[in-house]
Amino acid sequence: MRAWAPGRVNLIGDHVDYVGGLVLPLAVDLGTSVDVEPADDTLLRVVSDVEPDPARIELPVADPGRAEPPWARHVAAVAAAVGATRGGRMTISTTLPVGAGLSSSASLGVAVALALGAAGGPLELARLCRRAEQAATGVPCGIMDQLAVVSGVEGAALLIDCRDLTVEAVPLPDGVVVHAVPSGTTRRLAGSAYADRRAACEAAEREIGPLRDADEAAVATLADPVLRRRARHVVGEIARVDAAACALRAGDVAAVGALMDDSHRSLRDDFEVSTPELDALVEHLGSLPGVHGARLTGAGFGGCAVALVDAAVPAGCVGGWRLRPAAGARLVVGEGDR
Ligand code: GLA
């Protein structure tokens, strides 16, 4: 079977998915292709076009953490979650930059799951892949990346409510395009303060209740200044996503851009997940004619900035990747098609 899964870029709404907030990502036209040729044994032989060494994974997978080389642990974790037992040859190729904040890893996980015959609908697939990613990396990530990867809609951003897991397509207005521009430093989620940020949100929630329902007045009652800043980001960011989705529907790209700029400042100053390279890049992007707004995208700590850009601006003037909102993950060749 052959499966394709897109990457994603988040237009606005970072570090709010794991508290049931609103996010506005889009699946993109770069992604991962995974081809599986089954064999009559229990060994999965895996090659990837971005890894020098192949991997051999014995099925069923008992402990994904012991797969070698380490890059194969994510594949092994997905194989374990799917319950794969039949061996074969798996070929992975990707057009996504790895570790740049465009969810190369969620894209890989979803494509592997589909190619290994994962059953169930998009939501089940997203949940299974999120569990596998958490198991493989130890990072307590939210559901945004996997859900965006499975739910992509051509030409549209996805307003995801991470509390009830509903997804609404919000078309990108004509005349604007989305760029992801690398900051030069790649992100290492496992080594980052991601878990620490999530724990701070949970600590704030123990004091003032769900941040999804909190307002500025409730946030102001938090005694600890660090928790107060973290919670202020989350509460403000959820409101910004809501406003950005409305502005996008109304075609008010200047308003969306201004909200993106605010989001970056909040991630930089209150949530403290930016880097000097990302700050400089966002400032540079904001100074370019035809750029409506820019911010870091994804977890932060390196990776890409996302910019909303007037389509008349030549791609080379902004740099990075000009990304088209794409359809979600799918099987390209099924069992019966060979
Ligand atoms: C990573 C995680 C997501 C989300 C973002 C930040 O991409 O995998 O679940 O938390 O960071 O918005």
Side-chain angles (χ1 to χ4, degrees), residues 5-28 74 77-78 96-110 123 125-151 157-163 165 167 180 182-183 186-202 205 211-212 230-231 233-241 244 259-260 263-264 266-268 270-275 278 295-306:
R8 70 95 187 91
V9 66
N10 192 16
L11 212 49
I12 189 164
D14 275 310
H15 288 281
V16 296
D17 62 343
Y18 47 74
V19 295
L22 299 172
V23 296
L24 194 62
L26 40 122
V28 299
H74 190 187
V78 175
L96 280 164
V98 174
L102 298 182
S103 279
S104 55
S105 122
S107 172
L108 171 67
V110 170
L123 189 54
L125 183 62
R127 284 190 163 128
L128 175 145
C129 291
R130 177 208 193 192
R131 273 201 311 279
E133 183 150 352
Q134 288 183 338
T137 61
V139 177
C141 59
I143 192 79
M144 169 172 71
D145 303 347
Q146 291 79 11
L147 206 48
V149 165
V150 300
S151 321
L158 309 164
L159 177 61
I160 302 179
D161 184 328
C162 298
R163 179 151 66 183
L165 301 180
V167 182
S183 68
T186 53
R187 198 175 55 140
R188 285 193 51 85
L189 258 192
S192 77
Y194 185 95
D196 167 81
R197 295 300 187 280
R198 184 171 176 160
C201 293
E202 286 161 2
E205 290 193 320
L211 290 177
R212 170 69 188 266
R230 304 294 187 252
H233 163 72
V234 171
V235 170
E237 186 80 350
I238 293 172
R240 281 187 288 273
V241 174
L259 290 159
M260 291 171 72
S263 168
H264 184 78
S266 177
L267 286 159
R268 181 191 66 195
D270 280 347
F271 219 67
E272 296 180 278
V273 292
S274 191
T275 61
L278 275 166
R295 56 184 285 278
L296 73 80
T297 184
F301 312 111
C304 277
V306 61

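Keep in mind that what you see is a predicted model, and the values were worked out from it rather than measured. Note that ligands are numbered from 1 as they come in the structure, with each ligand's atoms numbered from 1 the same way. Any value given below was found using the heavy atoms of this structure, including those in side chains, with hydrogens, waters and symmetry copies removed.
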Nearest non-hydrogen partners of L296 and D14, listed with the distance:
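Shortest heavy-atom separation between L296 and D14 comes out as O-OD2, 3.9 Å.
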For [X], take its heavy atoms, then give the atoms of ligand 1 lying under 4.0 Å from any of them.
X: Y18; value: 10 (O)
X: A299; value: 1 (C), 6 (C), 11 (O)
X: H15; value: 6 (C), 12 (O)
X: G142; value: 9 (O)

Quick check: does M144 get an N/O under 3.5 Å from an N/O on ligand 1?
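So ligand 1 has no N or O lying under 3.5 Å from an N or O of M144.
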Report yes if Y194 has an N/O atom closer than 3.5 Å to an N/O atom of ligand 1; otherwise report no.
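For ligand 1, there is an N or O atom that lies under 3.5 Å from one belonging to Y194.
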Identify which of I12, V16, V139, D17 has a heavy atom lying nearest to atom 3 (C) of ligand 1.
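The nearest heavy atom belongs to D17.
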Lys/Arg N to Asp/Glu carboxylate O, E272 vs R230, below 4.0 Å
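A salt bridge is present here (some side-chain N lies under 4.0 Å from a carboxylate O).
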Check: [X] side chain, [Y] main-chain N or O, donor-acceptor pair, under 3.5 Å:
X: D145; Y: A106; answer: no
X: T297; Y: N10; answer: yes
X: R130; Y: C141; answer: yes

Side chain, backbone, both or neither: which applies to D14 and ligand 1 if a contact is any heavy-atom pair less than 4.0 Å apart?
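Both parts.
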With a 4.0 Å cut-off on heavy atoms, does R8 reach ligand 1?
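True for this residue.
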With Q146, which of E133, R131, R8 fulfils side-chain hydrogen bond (donor to acceptor under 3.5 Å, both in side chains)?
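Answer after filtering E133, R131, R8: E133.
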Distance (rounded to the nearest 0.5 Å) between S266 OG and L259 CG:
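Reported value, rounded in 0.5 Å steps: 11.5 Å.
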